[in-house]
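Letters go in sequence order (proteins before strands), and every chain restarts at 1.
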Protein chains: 2
Amino acid sequence: MLVNQKVHFMNATDMPQLDSTFSALSDSTRRAIVARLADGETSLSDLAEPFDMSLTAVSKHLKVLSDAGLVDIEKRGRTRHCRLQGAPIKEAIDWLSKYEAFWIDRFDALARHLAKEEIDK
Amino acid sequence: MLVNQKVHFMNATDMPQLDSTFSALSDSTRRAIVARLADGETSLSDLAEPFDMSLTAVSKHLKVLSDAGLVDIEKRGRTRHCRLQGAPIKEAIDWLSKYEAFWIDRFDALARHLAKEEIDK
DNA sequence: ACTTTACTCAACCAATTAGTTGACTATAAT
DNA sequence: ATTATAGTCAACTAATTGGTTGAGTAAAGT
């Protein structure tokens with residue numbers, strides 16, 4: 001019974017899509033790719049150009065975004081055309097919005113936390 | 001010049017706080033902890049109770065949330081009292097909201113992506 | 001005083017991640 | 001026909017992650 005309760009509790013928050021969405025967005029290179037794609041569809045090479053890393057590395061980042069459903073990749077001739085998909089972003093916002101109450105009148109909470117971190121060192 | 005452009009572009013999207021916020025939220029155990037703390041302040045032991053893992057493991061998860069500024073831990077006697085902090089959540093929503101446009105009239109995009117994934121196998 | 005409770009800490013492990021390089025394929029341009 | 005472009009793939013590496021266990025500390029209850 002206790003075990004069942006645990007399982008039920010776990011399932012209620014087990015949303016693999018959120019796992020992959022948040023995980024994909026936890027990397028600044030991938031967030032930069034998302035930002036870039038918001039300005040319009042682009043090829044992988046064009047996407048990779050501003051980054052100081054190999055094309056292979058950017059291709060891997062793009063695969064992470066694609067696997068998470070954040071980006072749609074369409075093969076057209078020898079180039080891949082990448083397009084931003086908003087559905088996972090919406091889902092992420094929906095989840096985060098449930099905790100909206102926790103930042104009202106607490107605008108300086110983060111600053112305080114960071115200050116405290118310095119003191120605790 | 002090209003190098004400087006690259007550096008500038010990178011810096012514009014280099015926000016370490018978002019790295020740690022999204023990374024912290026990419027784990028379902030940690031999201032469950034956040035959900036639990038939204039119902040009120042709790043001790044670590046209480047938090048850990050529903051999970052099928054060691055207290056040490058939950059303590060580590062809590063440290064990730066704390067390092068990301070999502071949770072504030074206050075030592076009171078021998079128990080740690082944990083409180084949800086909304087500021088990083090707000091920052092995450094602010095970032096995500098910039099891509100709001102990409103889910104309007106695309107409500108079925110995720111479903112299509114998942115269907116395509118099946119076909120591509 | 002003793003025991004239980006609420007943790008922390010260090011060491012370890014297996015899996016994943018973020019990057020690299022070198023070799024390759026396929027398409028497009030000359 | 002040759003060459004350049006766009007990208008993939010496999011193999012490797014170093015660092016990080018998510019979990020474990022066992023030992024230890026510090027506060028509270030009996």
Value in whole Å for how far the P atom of C:dA18 lies from NZ of A:K63: 13 Å
Donor-acceptor contact present, side-chain B:R83 to main-chain B:L37, <3.5 Å: no
Starting at NE2 of A:H61 and ending at C1' of C:dT20, how long is that distance when rounded to a whole Å? 12 Å
Considering residues at least two apart in sequence or located in another chain, which fulfil the side-chain hydrogen bond (donor to acceptor under 3.5 Å, both in side chains) criterion with B:T42? B:R36
Do B:T79 and B:H81 have a side chain donor and acceptor closer than 3.5 Å? yes
note: A:L62, atom CG; C:dG19, atom P; distance rounded to Å ~ 13 Å
Where does the chain B footprint on DNA chain D start and end, counting 5' to 3' with a 4.0 Å heavy-atom cut-off? D:dG18 to D:dA28
Check: A:S26 side chain, A:S23 main-chain N or O, donor-acceptor pair, under 3.5 Å: yes
Show the nearest heavy-atom pair for residues B:L65 and B:V34, with the distance to one decimal. CD2-CG2, 4.0 Å
Whole Å only: how far is the CD1 atom of A:I33 from the P atom of C:dA18? 11 Å
Any base atoms under 4.0 Å from A:L44, or only sugar-phosphate, or nothing? Heavy atoms, all strands. sugar-phosphate
B:L55 has an atom CG; how far is it from atom P of C:dT4, in whole Å? 18 Å
Identify, with sequence neighbours excluded, every residue that meets side-chain contact (heavy atoms from CB on, under 4.5 Å) alongside A:V58. A:I33, A:L44, A:A48, A:F51, A:M53
Under the side-chain contact (heavy atoms from CB on, under 4.5 Å) test, residues paired with A:S54 that sit two or more places apart: A:T56, A:A57
What I'd like to find out is whether the side chain of B:Q17 reaches to under 4.5 Å of the side chain of B:E91, using heavy atoms alone. yes
Please classify the nucleic acid contact of B:R30 as base, sugar-phosphate, or nothing, using heavy-atom distances under 4.0 Å. sugar-phosphate
A:V64 reachable from B:W95 in the ILVMFWY side-chain graph, under 4.5 Å edges: no
Rounded distance in Å - CE (B:M53) to C1' (C:dC7): 17 Å
With a cut-off of 6.0 Å (strictly less than), are more than 12 heavy atoms of other residues, nucleotides or ligands near NZ of A:K63? no
Hey, could you give me the CG/CG distance between B:L70 and B:L62, rounded to the nearest 0.5 Å? 10.5 Å
Whole-Å distance between C:dT17 C1' and A:D19 CG? 15 Å
Rounded to 10°, the angle between the first-five-pair and last-five-pair axes of the helix from C:dA1-D:dT30 to C:dT30-D:dA1 is 20°
N/O-N/O pairs, protein side and nucleotides 22-27 of chain C side, under 3.5 Å:
unit_1	atom_1	unit_2	atom_2	d
C:dT27	O2	A:R78	NH1	3.1

Mind checking A:S59 for me? I need base, sugar-phosphate or nothing, with any heavy atom below 4.0 Å counting as a touch. sugar-phosphate
How many whole angstroms separate atom CG of B:D46 from atom P of C:dT5? 13 Å
Within the structure shown, what part of the strands sits under 4.0 Å from B:T79 by heavy-atom distance: base, sugar-phosphate, or nothing? sugar-phosphate
Do A:I93 and B:S97 have side chains that get closer than 4.5 Å, going by heavy atoms? yes
